[in-house]
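Proteins get letters first, then strands, A, B, ... in listed order; numbering begins at 1 in each.
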Amino acid sequence: ELKVEQNPLFLSMQEGKNYTIYCNYSTTSDRLYWYRQDPGKSLESLFVLLSNGAVKQEGRLMASLDTKARLSTLHITAAVHDLSATYFCAAEDSGNTPLVFGKGTRLSVIA
Amino acid sequence: KAGVTQTPRYLIKTRGQQVTLSCSPISGHRSVSWYQQTPGQGLQFLFEYFSETQRNKGNFPGRFSGRQFSNSRSEMNVSTLELGDSALYLCASSLSTGGYEQYFGPGTRLTVT
């Protein structure tokens with residue numbers, strides 16, 4: 001059974017600093033997703049990572065995937081307040097199984 | 001292109017009642033999945049429908065059911081509501097089943113009193 005673990009679950013960081021959120025999954029996964037959720041809102045898709053070594057970047061966020069280590073990272077560069085949100089990673093172990101989500105990382109960027 | 005829409009957005013029900021939530025997928029999307037989000041359990045998969053057939057089901061009691069219509073719109077029903085059913089219910093649509101990216105709707109916030 002696929003399990004997805006994120007850490008840290010809570011992250012308070014200063015503006016301008018860098019940090020990384022980690023997402024480990026327990027079995028082989030076809031693809032890895034990162035989502036952002038603002039309070040009271042739905043999930044916004046950030047990245048879809050499809051293969052080993054995949055790296056995607058959008059603004060101050062960069063996601064990578066290491067399928068051998070069963071690890072994905074979401075790196076935040078020079079954080080700004082607007083990045084405050086909860087970030088989820090999700091994986092699926094084959095094309096016909098549902099997404100399994102991590103518990104989310106609640107990020108708070110403070111001045 | 002319009003996104004996924006869910007109705008109603010907010011709902012307050014009493015224990016023992018039943019509720020029906022609706023989801024309209026993005027035009028052209030044929031797969032609809034439902035998730036329950038609670039502070040304690042996080043995001044949990046309920047079920048997926050494709051071509052009016054349930055393809056996958058999560059670990060929820062039989063009080064939770066769903067269906068999909070020929071136009072890909074989907075409904076989920078919860079009967080005999082319990083306090084623990086209070087949650088944000090999210091619907092996601094994708095082009096097809098089997099590993100296609102899912103796009104989430106705004107959710108329905110259900111409160112059971």
Side-chain angles (χ1 to χ4, degrees), chain A residues 1-10 21 23-51 54 56 58 63 65 67 72 85-107, chain B residues 2-7 9-10 21 23-26 29 31-51 53-60 64 66 87-111:
Chain A
E1 179 190 346
L2 175 62
K3 293 189 190 305
V4 178
E5 285 190 7
Q6 277 181 248
N7 69 85
L9 297 183
F10 298 93
I21 299 171
C23 175
N24 290 91
Y25 51 95
S26 60
T27 66
T28 305
S29 176
D30 276 1
R31 47 185 57 82
L32 196 292
Y33 301 83
W34 284 96
Y35 292 90
R36 168 183 171 144
Q37 186 177 39
D38 291 292
K41 306 287 188 182
S42 188
L43 296 174
E44 173 193 353
S45 179
L46 294 174
F47 302 107
V48 181
L49 302 168
L50 299 176
S51 60
K56 290 195 174 179
E58 180 74 34
L65 180 62
T67 57
S72 180
T86 299
Y87 293 86
F88 292 91
C89 65
E92 57 189 5
D93 61 13
S94 72
N96 286 314
T97 57
L99 282 180
V100 176
F101 283 83
K103 290 205 175 289
T105 297
R106 186 179 295 179
L107 171 65
Chain B
V4 179
T5 58
Q6 291 186 245
T7 56
R9 294 292 311 280
Y10 302 92
L21 312 182
C23 171
S24 292
I26 292 170
H29 285 197
S31 173
V32 173
S33 297
W34 289 88
Y35 296 85
Q36 181 197 66
Q37 185 177 26
T38 59
Q41 298 299 317
L43 275 153
Q44 294 186 285
F45 171 77
L46 280 157
F47 22 65
E48 180 197 5
Y49 286 89
F50 175 74
S51 290
T53 302
Q54 188 179 89
R55 301 296 293 239
N56 278 301
K57 188 176 192 309
N59 189 23
F60 279 82
F64 291 81
L88 180 66
Y89 290 88
L90 292 165
C91 161
S93 78
S94 57
L95 274 171
S96 183
T97 189
Y100 286 81
E101 186 173 1
Q102 296 183 20
Y103 298 84
F104 284 80
T108 295
R109 172 77 60 185
L110 171 65
T111 302

Steps toward side-chain contact (heavy atoms from CB on, under 4.5 Å) verdict (A/Leu9, A/Lys103): CA-CA 7 Å; A/Leu9 297 183; A/Lys103 290 205 175 289; 4.1 Å; yes
Distance, nearest 0.5 Å, that separates CZ of A/Arg36 from NZ of A/Lys41: 11.5 Å
Plane angle bin for B/Tyr49 and B/Phe47 - parallel if under 30°, tilted between 30 and 60°, otherwise perpendicular: perpendicular
Parallel, tilted or perpendicular: ring planes of A/Phe88 versus A/Phe101, cut at 30 and 60 degrees: perpendicular
Residue part contacting chain B, namely of A/Leu99, when any heavy atom lies under 4.5 Å: both
Residue part contacting chain A, namely of B/Leu88, when any heavy atom lies under 4.5 Å: side chain
B/Gln102 portion near chain A, given a 4.5 angstrom heavy-atom threshold: both
Residues in salt bridge (charged side-chain N to carboxylate O under 4.0 Å, His left out) contact with A/Glu1, at least two apart in sequence or another chain: A/Lys3
Per-residue contact mode, B/Tyr35 against chain A (heavy atom under 4.5 angstrom): side chain
Interface moiety of B/Glu48 toward chain A, non-hydrogen atoms closer than 4.5 Å: neither
